[in-house]
Each structure stands twice: as structure tokens, then as C-alpha cells.
Trainee: 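Input: one structure, supplied below.
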Amino acid sequence: MAGVAALFIPVLFMVGLTMDGGTPGPAGVETPELVPRLGHASRVVRVEWSPDEKMLASASWDGTVKLWAGDTGALLQTLVPKVERVRDLAWSPVGGTLALVADDRVMLWDVASGAPARFLPGQFDSTIRIAWSPDGRTLAMSGTADGKLKFWDVAKGTLSRQHAESVPYSLALVWSRDGRTLVVGNSKGGLTFWSPDAPEPLRSIPGDGGGSIWALAMSPDSRRLVSAGVMGTVNVWDVATGTRVHVRSGLAYKVVSLAWSPDGSRFASANEAGELHLWDGATGERGRTFPPQEGRKASAVTWSRDGGTLVAGSQDGSLSFWNVADGTRVRTRVSGNPAWSLAWSRDGQTLAVGGVGDVALWNAAGRRTRVLRVDSGMEVQGLSWRPDGKMLAVASAVRRVTLWDTAKGTSVRTLKPDLTFGSVAWSPRGPLLAAGGDDGSLVLWDSRTGATVRTLKGHEVTVGAVAWSPDGKLLASADEDGGVRLWNTATGALVRTLGQEPFAVRVLAWSPDGRTLAVAGRPPYIVLWNAATGARVKELTGHVGDVSALAWSPDGRTLVSSGMDGTVKRWNTATGGVAADLIGHAGAVSSVAWNPKGGTFASGGLDGTVVLWSEAGDRERWMTSDTGGEWLACHPTRLFFTASEGGGELAGLRFASEPRTVYPLERYRQELGLQDLSGPGAKVPPPLEPR
């Protein structure tokens, strides 16, 4: 698509814990803040309205919670707990506070301040589910590691009561409207009715063979309860008597989310195939079906208060708003295309960004020049340029390596040996290409012919990372059991084993002088090894989540790392300390790469953004693209952005005086009456008043 130029106002681009508004301009006029308008990068597990329905909160496996405007669906804020996954979400009935299950922790988040209010003490199982009592005073938890149902006094932050379940593995839970009964579903397909004040259950219903209760929903009048099991069974229950009123069994797919309409006449379900269904609450008959649209499969569902709209979170991270009356889709907030991998061409003029199903090529001016369509729906896990920059090796989640002519945008060759690969590296000195296999072997190919030159054996488990030394004489490999080995590429002989790390090594990076090899993975620390002696030089600690990528500056003075905790770190390798924490992504940072010409490095996030940083750690540009192919690139110091035809919709402007309103970028270009703002001599636009 043709690029267009539009206005960019340079203030904070913060999508993490702080989302400050614009800054005052001349005569008190505000300068707006640029904010992204992308959806989640991974499966949405919960969507829930605020009590006043002015905001919608969504929780995702990408490790973030997003707040959306209830009237327009515009993204207002992204909360980043710095965890691998957010697994559940519940909005306090009295408003203002969100409870989150973040990995194996439960935190309370103050929405007004945008920061965590407190963590509930103790460690919990990652399968925990949460639900607020209707008065907002108690938070119930099921699925805890000890099998006990827990009730927390939120004001005091203390455990007020806990009950041992007869079946220890509990899952979904829901309160009655009066707060006197909590219903919990368990892994045997049974239901238990509890009073928060009674030591014994009020009633227990044994499982019926339908498998674990995965979803529960209480009708607004608390008279009906609908439950869904993993074996494709939907039951409607009379809450007062505990009797089953309706049953639908033999459904093709597991139901993962349920929600009643506000008037209690119907309920909606989302199944693992991504379908939305409407059901008659009185008869249990299935009504309208909303099929997956454009590959977006529903994974969570909720109703608007007026009953006219269904909101569905999807497996790809997008949000869709549906008109219940006619079954049409009102709007979709698309997901960003995650930047799983990055690689600069040797001349520093092209940055390859591996997403889901494609590789985008960006030039140094911040314009997307080409998209290589790799494997539909598959993550691009590895990228490596041929030294001359004319060909790119791509390793995708289907575990194969494909060679691409980047000038023509065509696939030249697919390397298909008898094993599968998830890592790839091109020799800096010639045509050899190395990849690590799932059987522990390394294969060296001649990229010109696709022929296998040599197979190196020594690892016993999957080789997760490979890296050539700068002179091309050594090849480093690392496996899932923590083994790191150095190989002579001319003879195929094993040169040295660098100990056995107590973690899965998935990242390798040579210093430019070839003297030091940095290794990292899970758990989150980095080890520096002397390649010549095999001595362990230093250990760098600071990341909270897994280390996803490493990159040395061309002069070898600085090491940068990206982590699933949402940070990019600059390291002082002499002292082993963190020189700077760089926050610029909404969620996990999956890749980092230094421009070979120096001065800047790039980081890629699962939020769909790529940030270009100066060596000092200042953001010089950020780029983004969605799964539909639109893209946007912003240049803070020049005050402008370039975008595809619809790329301006990927960001908006917000004023501190109106923190819950996001305005489209195009409005301000039109308001200024300027058609082309891309020239270096263009007049800098003034601050603008919100309207």
C-alpha cells in the first residue's frame, strides 16, 4: 500500500506502568500524547466491563491487561504486570480496582493510578481463578495448589477463611447476586455450593462424566446457573434446588467462556473452535451462531449492559464487538503482529522483523518496503542474513528453514532434512548455513545448493540456539538441557564444552572480538564465558522473566538484552550491573538486534511494536504493524509519521485533560490544513486544543 505522511506530536510514548498525559504548551494549550491502538498479542482469556460500563478490561496470555473505551472501543491504557501471562481478571463491583491472576501471583491493580495497589501474600498455583463478592469486600479464589477455596478480606489484605474441597482441583467459580452463595466447579465435573461464612458446603453435585467444569455463569436474578465441561456438555441448573433443568451434550468443542444477557433471557458461549453461540435461557436451545471472522477465533465473551452488544476476545489477541440483533460485527480492535525475531542486514539499511506468518522488511528511513509471506499463522522464530544482504534465512514454527531473495520477495529454496529446526545462523565468511535440530544435531548446509555439508553430533536434546564466531571459525550451540558447545567448522570437531548451565539455553551472542560468548534463557540470568579458556567470566542478573534475546554493540562495549518481563536492559559488562532499564513496549519483549553500523539498536515486542533506540537509550523511532497488514512508523525528533493507507488508525492522540478520550491522528492533519508533513523543512505544527 502507498505510504502517506501525517502529523506526529513528540511527547511520552509510555505503554507500561505509567501513562501520563500530554504536556502544557504555549498559553496553557496542551500538547497531546501519542498512544498505540493495538490489541493483545496473544489469546484473550477474559473480558469484563467496569461497573459503570465506561471501560472494558481484557486480560491476555501476552502478559498485559488493556483498558478500552466503552463507547468507541478505543484503547485507553495498557497495564503491564511484568509477568509471562495474565490468566484471569475480575473487576471490583465497587469500581476502581482490578484483581489479576498474573502467573502464580494475585495482585490488586488501582486503575486510576495505573499501578499495582498490592500483591496478596503467598504463592498460588497458575490455574487459580478469582471472583469478587457483589459487595466488593471479599475476593474468592479456587484452583489453589493446596486444593482449598480461599476468601480474602480485600480491605485488610488478609485471608478471612478457607475451605478444603472434596475434589482438590477446583476451576471456575461464580457468586450469587446476594453474595450468600459461591458456586465452584471442579475437575471431576461436579459443583459445590458454599457460603463464605459456613465451614461446610451447602450442597454438592457429583460429576456426570462431562469432564472438568471449565466455565460458569450465574443469571442476573441468581435463579439459573449455566456450566460447561471440557467434554462438550452445557448444563443449566436451578440454583435453589440444585437440579439440572437442561442439558446439551455431545457438542463438538469445549466451551471456554459463558455470559448471561442482562435480562437473563439468553446466555452466550465461546468454544475452543472460536465460535460464539447464543442460547435460550428458558429452553436451553441453541440460537444464533457467530462464526470466526478473518481467522479470529473467540476465546472470551461478555455482554454490554443494554444487551445489544457482545464483546469477544479472540485467540489472536483481537477484540470484536457484535450486534446481537442482526449478528453483524460492529468493530474489531485488531492485534499487533508480534515481533518474534529481528535481524539487521550487514549494511545497516534493512531491518527484518519476523512476525506471525510473515517477515516485514523496514528501511532505515522507517518505511516498510516489503513483506515476505512465510507460513500462515506460524511464528517466525529465527532470522539470519547472508553476508551480502541479498538473501534471508527464515526459521518458522513449523520447524523448517526457507531462503528468501529479499529484492524480489520470492522464496528461493526450502531446506527439508529428516529433522526439524528452530534456530538458524549464516556464516559471516561464506555460503554455509547452520541450524540446530530437535534430535540434538547441528546441520551445515551449502546455501547455494541446499546440500548438507556436515552434521555435528554431541547434544542429546533439542538445540535451541546456534551462533557463528565473528571470524566464522567456530560455531556455538546450546541445548534445552543447558549444554553449550563450541565446534571447529572446518573439521566438525568439538573444540570445547562450556560447562552445563542449570537452565535451558535459548540465546547465544558472540562479542565482536570473538573472545566472549554470552548465553541466556530460562531462568532469567545471563552468563559470560571466555571462549578461549572455557572459563565462566561473569553472571548478569536483573530480568524477572525469561531472557529472550542478546545483542552486542559493534564496538563490544555494551550488551543489551530483552526479556519477557517487558524490559530491555543495557549492561555494564565490566561490573556486571544494569546500566539502564529501557521501557518502551506493552508487555513481553521478544527480540533485540544492534545495527551493525552502530549508534542504534532495535527491540521487538509481542505487542506488535519495534522500537529503535539510541546507544544512550533514547527512543528514536517506533514502528508497528497489525495482523491485517497496516503499518505505522513514527519519528519523534522530526515530529512526523509515515504509514500505510490505514496505518494511522494504529495510534491516536490523548490529552491529559481528557484521559479517557483518544482522538484519531488524521483529524489533526486535516485541522492544520496541511497535505504533506514529511519534508524536513515543513513547519513544526503547534500544540492543539482538544475538542
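By convention here, the first residue in the shown sequence is residue 1.
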Trainee: Are Trp631 and Trp362 near enough that their ring centres are under 6.0 Å apart?
Mentor: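 Ring centroids of Trp631 and Trp362 are less than 6.0 Å from each other.
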Trainee: Would you say Trp487 and Leu442 make side-chain contact, with heavy atoms under 4.5 Å?
Mentor: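 A side-chain contact under 4.5 Å exists here.
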Trainee: Run the side chain to side chain contact (heavy atoms under 4.5 Å, CB included) check on Leu517 and Leu486 step by step: do they pass?
Mentor: CA-CA 10 Å; Leu517 182 67; Leu486 302 182; 4.1 Å; yes
Trainee: Hey, what do you get for CG (Leu632) to CH2 (Trp622), rounding to the nearest 0.5 Å?
Mentor: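 If we round to the nearest 0.5 Å, Leu632:CG and Trp622:CH2 are 5.0 Å apart.
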Trainee: Quick check: closest heavy atoms across Arg346 and Pro428, and the distance to 0.1 Å?
Mentor: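 It is NH2-O, 3.4 Å.
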Trainee: Working note: Trp571 + Thr558, criterion side chain to side chain donor-acceptor pair (under 3.5 Å); need CA distance, chi angles, decisive distance, verdict.
Mentor: CA-CA 6 Å; Trp571 297 90; Thr558 306; over 6 Å; no
Trainee: Dump the intermediate steps for salt bridge (Lys or Arg N to Asp or Glu O under 4.0 Å) on Arg448 and Asp446, then the final yes or no.
Mentor: CA-CA 5 Å; Arg448 297 166 298 188; Asp446 186 324; 2.9 Å; yes
Trainee: Main chain of Ala643, side chain of Arg367: is a donor-acceptor contact present, judged purely on distance under 3.5 Å?
Mentor: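 No, the answer is negative, given that no donor and acceptor are paired below the 3.5 Å cut-off.
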Trainee: Sub-3.5 Å donor-acceptor pair from the side chain of Ser427 to the main-chain atoms of Pro431, do we have one?
Mentor: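 Here the side-chain-to-backbone pair does not exist.
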Trainee: Can you tell me how far apart OG1 (Thr455) and CG (Leu444) are? Round to the nearest 0.5 Å.
Mentor: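 It is 7.5 Å, given to the nearest 0.5 Å.
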Trainee: For Leu475, is there any backbone N or O sitting under 3.5 Å from a side-chain donor or acceptor partner on Arg485?
Mentor: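 No.
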Trainee: Check this for me: does any side-chain nitrogen of one of Asp388 and Arg386 sit under 4.0 Å from a carboxylate oxygen of the other?
Mentor: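 Arg386 and Asp388: salt-bridged.
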Trainee: With a 3.5 Å distance limit and no angle check, can you tell me whether Asp479 reaches the backbone of Asp481 through a side-chain donor-acceptor pair?
Mentor: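 Yes: the side chain of Asp479 pairs with the backbone of Asp481.
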Trainee: Between Ser625 and Arg368, which heavy-atom pair has the shortest distance, and what is it?
Mentor: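 Closest pair (atom of Ser625, atom of Arg368, distance): CB-NH1, 3.6 Å.
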Trainee: Provide the closest heavy-atom pair for Thr489 versus Gly472 in the form atom of the first, atom of the second, distance.
Mentor: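 Distance-wise, the nearest heavy atoms are OG1-O, 3.0 Å.
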Trainee: Assess whether side chain to side chain contact (heavy atoms under 4.5 Å, CB included) is satisfied between Leu415 and Leu433, documenting all intermediate values.
Mentor: CA-CA 10 Å; Leu415 306 175; Leu433 192 69; 3.7 Å; yes
Trainee: Is it true that a side-chain atom of Ser396 and a backbone atom of Val380 form a donor plus acceptor pair closer than 3.5 Å?
Mentor: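 It does not hold such a pair.
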Trainee: Could you pull out the closest heavy-atom pair between Val589 and Ser562, with the gap in Å?
Mentor: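 Distance-wise, the nearest heavy atoms are CG1-CB, 3.5 Å.
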Trainee: Looking only at side-chain N and O atoms, does Trp613 offer a donor or acceptor that is under 3.5 Å from a partner on Ser603?
Mentor: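 On atom types as modelled, these side chains qualify, holding a pair under 3.5 Å.
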Trainee: Taking the side chain as everything from C-beta on, heavy atoms only, tell me whether Ser548 gets closer than 4.5 Å to Val507.
Mentor: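 Sidechains of Val507 and Ser548: no contact.
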Trainee: So does Ala531 get a backbone contact from the side chain of Arg496, meaning a donor-acceptor N/O pair under 3.5 Å?
Mentor: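 Yes, Arg496 side chain to Ala531 backbone: donor-acceptor pair under 3.5 Å.
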Trainee: When you look at Ser644 and Glu630, which way does the side chain to side chain donor-acceptor pair (under 3.5 Å) test go after all the steps?
Mentor: CA-CA 6 Å; Ser644 60; Glu630 303 292 351; 2.5 Å; yes
Trainee: With a 4.5 Å limit on heavy-atom distance, are the side chains of Lys66 and His40 in contact?
Mentor: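 Yes, at least one pair of side-chain atoms sits under 4.5 Å.
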Trainee: Per the side-chain hydrogen bond (donor to acceptor under 3.5 Å, both in side chains) rule, which among Thr609, Thr78, Thr567 passes with His585?
Mentor: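 Exactly one option meets the side-chain hydrogen bond (donor to acceptor under 3.5 Å, both in side chains) with His585, and it is Thr609.
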Trainee: Take a 6.0 Å sphere around CZ of Arg515 and say whether it holds more than 12 heavy atoms from other residues, nucleotides or ligands.
Mentor: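 Not more than 12 within 6.0 Å, no.
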Trainee: Report yes or no: does Thr462 contribute a side-chain atom to a donor-acceptor pair with the main-chain N or O of Gly464 at less than 3.5 Å?
Mentor: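 No, the answer is negative, given that no donor and acceptor are paired below the 3.5 Å cut-off.
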Trainee: Kindly say whether Asp316 contributes a backbone atom to a donor-acceptor pair with the side chain of Arg43 at under 3.5 angstrom?
Mentor: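 Side chain of Arg43 to backbone of Asp316, a donor-acceptor pair under 3.5 Å: no, none is there.
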Trainee: State, with a plain yes or no, whether a side-chain heavy atom of Ser42 is found less than 4.5 Å away from one of Arg85.
Mentor: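 No, their side chains stay 4.5 Å or more apart.
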Trainee: Do you see a donor-acceptor pair shorter than 3.5 Å between the side chains of Trp344 and Thr350?
Mentor: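 No.
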Trainee: Are Leu528 and Thr573 packed together at the side-chain level, in the sense that at least one heavy-atom pair is separated by less than 4.5 angstrom?
Mentor: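 Touching, per the 4.5 Å side-chain cut-off.
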Trainee: State whether a side-chain donor-acceptor pair under 3.5 Å links Ser441 with His459.
Mentor: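 Their side chains do not contain a donor-acceptor pair, so the 3.5 Å distance test is not met.
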Trainee: Roughly how far, to the nearest 0.5 Å, is CG of Leu494 from CG of Asn488?
Mentor: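 So the CG of Asn488 and the CG of Leu494 are separated by 10.0 Å.
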Trainee: Mind running salt bridge (Lys or Arg N to Asp or Glu O under 4.0 Å) on Glu615 and Arg570 for me, showing each step along the way?
Mentor: CA-CA 9 Å; Glu615 191 166 351; Arg570 292 173 58 244; over 6 Å; no
Trainee: Any chance you could lay out the side chain to side chain contact (heavy atoms under 4.5 Å, CB included) test for Thr414 and Leu403, step after step, and finish with the verdict?
Mentor: CA-CA 6 Å; Thr414 299; Leu403 307 185; over 6 Å; no
Trainee: I need the Asn595 CG to Ser345 OG distance, nearest 0.5 Å.
Mentor: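 So the CG of Asn595 and the OG of Ser345 are separated by 7.5 Å.
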Trainee: Quick check: do Val374 and Trp404 have side-chain heavy atoms less than 4.5 Å from each other?
Mentor: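 Touching, per the 4.5 Å side-chain cut-off.
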Trainee: So how far is it from Ser447 OG to Arg413 CZ, rounded to the nearest 0.5 Å?
Mentor: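 The distance works out to 7.5 Å.
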Trainee: Working to the nearest 0.5 angstrom, can you tell me the gap between Trp385 CH2 and Thr406 OG1?
Mentor: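 Spacing of CH2 (Trp385) from OG1 (Thr406) equals 4.0 Å.
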Trainee: Is any side-chain heavy atom of Leu550 closer than 4.5 Å to a side-chain heavy atom of Ile526?
Mentor: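 When only atoms from C-beta onward are counted, Ile526 and Leu550 do touch, with a gap below 4.5 Å.
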Trainee: What heavy-atom pair brings Ala352 and Leu383 nearest, and what distance separates the two atoms?
Mentor: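 The answer is O-CD1, 3.7 Å.
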Trainee: Look at the side chain of Ser469 and the backbone N and O of Leu474, then say whether any donor-acceptor pair between them is shorter than 3.5 Å.
Mentor: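 Yes, because the side chain of Ser469 sits within donor-acceptor range (under 3.5 Å) of the backbone of Leu474.
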Trainee: Is the closest side-chain heavy-atom distance between Trp594 and Pro554 below 4.5 Å?
Mentor: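 Yes, side chains in contact.
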Trainee: Might you point out which heavy atoms bring Ile583 and Gly566 nearest each other, and give the distance in Å?
Mentor: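 Residues Ile583 and Gly566, closest heavy atoms: CD1-O, 4.3 Å.
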Trainee: Take atom CZ of Arg557 as the centre, draw a 6.0 Å sphere, and report whether it contains more than 12 heavy atoms from other residues, nucleotides or ligands.
Mentor: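 No, the 6.0 Å shell around CZ holds no more than 12 heavy atoms from other groups.
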Trainee: Let me see the working for Val86 and Thr64 under side chain to side chain contact (heavy atoms under 4.5 Å, CB included), right down to the final yes or no.
Mentor: CA-CA 6 Å; Val86 178; Thr64 69; 5.8 Å; no
Trainee: Only one of Thr452, Val453, Val463 forms a side chain to side chain contact (heavy atoms under 4.5 Å, CB included) with Val443, so which one is it?
Mentor: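 Going through Thr452, Val453, Val463 one by one, the side chain to side chain contact (heavy atoms under 4.5 Å, CB included) with Val443 is satisfied by Thr452 alone.
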Trainee: Between Asp405 (side chain only) and Val412 (backbone N and O only), is there a donor and an acceptor less than 3.5 Å apart?
Mentor: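 No, Asp405 side chain to Val412 backbone: no donor-acceptor pair under 3.5 Å.
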